[in-house]
Amino acid sequence: MQIFKNRIVIGVACIILSLVICFAVTPLFNQSISEKTQIVRVVREIKKGEEITAAQVKVVEVGGYNLPEDVVRNPETAIGRYASADFVPGDYIIASKIADEPAAENAYLYSLNGEKQAMSVTVKSFASGLSGKLQSGDIVSVIAPDYKKQGATVIPPELQYVEVIAVTANSGYDANTGEREDGDSEKELPTTVTLLVAPEQSRILAELEAEGKLHLSLVYRGDAGNAARFIAAQEAVLEELYAPEEDGEESADGTQETGERGDSPENGQTMEDVIQQAEEALSGSGVE
């Protein structure tokens, strides 16, 4: 132990140690942090659930030191997949934050093609939403109490058969659709029901939502092919109700006015006749 009390020996040891650090350890460290690697970086904002496109990302060269192990380095790994989290310009694409398919939550919204719209209506009471029993894929009728303040409770012909695409709880998560079903969690009650509707149907739903008076009744649940026949029957009614008038006057911009919804369609048919024809066609297809 006497040697460690010698200041000269301690000083020499410190000098040697510093030389080792300066000329051996430091260069190796600098070399490791100066090594470059290619990664995929976000150049345009990407929202959660959105499909990643080539215009939203690019390959850049950065220092390889301290990068996450699962950072995406090949753009083909990210392009065409779906974001599981929000990305902003400058973010790295992390493999754990992308998926082959949209998240189960809201996945149905990515099947919209512009022909129809997704629209949510509020379930005002437990009973008006079928006591929480509605599921995605159900066919329902929309019942309007005191429709247009005329004192009658009716099912508008435009809303005879409407497809349910989601049932959502107050938390914002889909309820009763097979998602977030944990054995220990309490079943969430629906707050809104999202329907797949045409623009003509959405306007009527908006009016009923504003009035705060609508009920949903289950018409059909089962095979998707049979459900499609109900929707086809409803589309036939919409075509009849909103068919362009043959003798209609042209509007100021030169386009022809379409027929407004009234109490009787064209060719002398009543609204009930049109609906009955659609239902007869449906029953003839074998759907009970």
Side-chain angles (χ1 to χ4, degrees), residues 49 102-148 153-180 187-242 261 271 274-275 278-279 282 287:
E105 178 191 358
N106 302 329
Y108 47 83
L109 298 179
Y110 294 91
S111 63
L112 299 176
N113 58 11
E115 295 179 0
K116 290 192 174 183
Q117 307 166 352
M119 182 172 183
S120 295
V121 293
T122 306
V123 177
K124 301 294 184 181
S125 66
F126 189 50
S128 63
L130 202 71
S131 302
K133 299 297 190 294
L134 288 176
Q135 297 179 5
S136 298
D138 286 349
I139 304 298
V140 298
S141 291
V142 180
I143 303 173
D146 192 19
Y147 186 53
K148 292 188 177 295
T153 298
V154 302
I155 299 176
E158 294 91 340
L159 302 174
Q160 283 275 326
Y161 306 123
V162 186
E163 181 182 354
V164 175
I165 58 175
V167 183
T168 307
N170 190 49
S171 62
Y173 289 95
D174 289 345
N176 305 333
T177 57
E179 299 177 21
R180 295 193 76 206
K187 187 176 181 180
E188 294 183 289
L189 297 179
T191 302
T192 63
V193 175
T194 304
L195 306 172
L196 184 64
V197 294
E200 297 85 0
Q201 295 171 302
S202 65
R203 288 192 286 269
I204 298 174
L205 282 174
E207 294 175 359
L208 296 177
E209 175 73 11
E211 294 174 359
K213 297 179 180 179
L214 64 84
H215 287 257
L216 301 176
S217 61
L218 181 63
V219 175
Y220 179 78
R221 173 183 293 170
D223 181 72
N226 288 339
R229 294 191 178 100
F230 283 92
I231 300 303
Q234 179 65 78
E235 290 174 350
V237 173
L238 291 174
E239 289 178 4
E240 185 68 29
L241 293 174
Y242 293 90
R261 184 177 58 82
M271 197 80 69
V274 176
I275 296 173
E279 291 179 342
L282 187 62
V287 180

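Residues Val123 and Val193 are in side-chain contact: their nearest non-hydrogen atoms beyond the backbone lie under 4.5 Å apart. Considering only heavy atoms from C-beta on, Asp138 stays 4.5 Å or farther from Tyr220 through its side chain. Residues Ile165 and Ser136 form no side-chain contact, since every pair of their non-hydrogen atoms from C-beta on lies 4.5 Å or further apart. Leu214 is not listed as a side-chain neighbour of Tyr147, based on a closest heavy-atom distance of 4.5 Å or more. Ile139 is not listed as a side-chain neighbour of Arg221, based on a closest heavy-atom distance of 4.5 Å or more. Side-chain contact between Glu235 and Glu240: absent, with no pair of heavy atoms (C-beta onward) separated by less than 4.5 Å.
Across all non-hydrogen atoms, the minimal contact from Val219 to Gln160 is CG2-O, 4.2 Å. Gly137 approaches Ala227 most closely through the heavy-atom pair O-CB, 4.5 Å. Annotation for Tyr161 and Gln201: closest pair O-NE2, 4.3 Å, computed over non-hydrogen atoms.
Here CE of Met119 is found 6.0 Å from OG of Ser202. Values are rounded to the nearest 0.5 Å. Residue Gln135 holds its CD atom at 9.0 Å from CG of Leu218, rounded to the nearest 0.5 Å. Note that NZ of Lys213 is 10.5 Å distant from CG of Leu208, once rounded to the nearest 0.5 Å. Interatomic distance, CD of Gln117 versus CG of Leu205, reported as 10.0 Å (0.5 Å rounding).
One N or O on the side chain of Glu209 and one on the backbone of Thr122 form a donor-acceptor pair closer than 3.5 Å.
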Subject >> Steps toward salt bridge (Lys or Arg N to Asp or Glu O under 4.0 Å) verdict (Glu211, Lys148) >> reply: CA-CA 9 Å; Glu211 294 174 359; Lys148 292 188 177 295; over 6 Å; no
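Applying the side-chain hydrogen bond (donor to acceptor under 3.5 Å, both in side chains) test between Ser120 and each of Thr192, Thr194, Thr168, Thr191 identifies Thr194 as the sole match. Under the side chain to side chain contact (heavy atoms under 4.5 Å, CB included) rule, Leu159 has a single partner from Val142, Ile143, Leu195, Val237, which is Val142.
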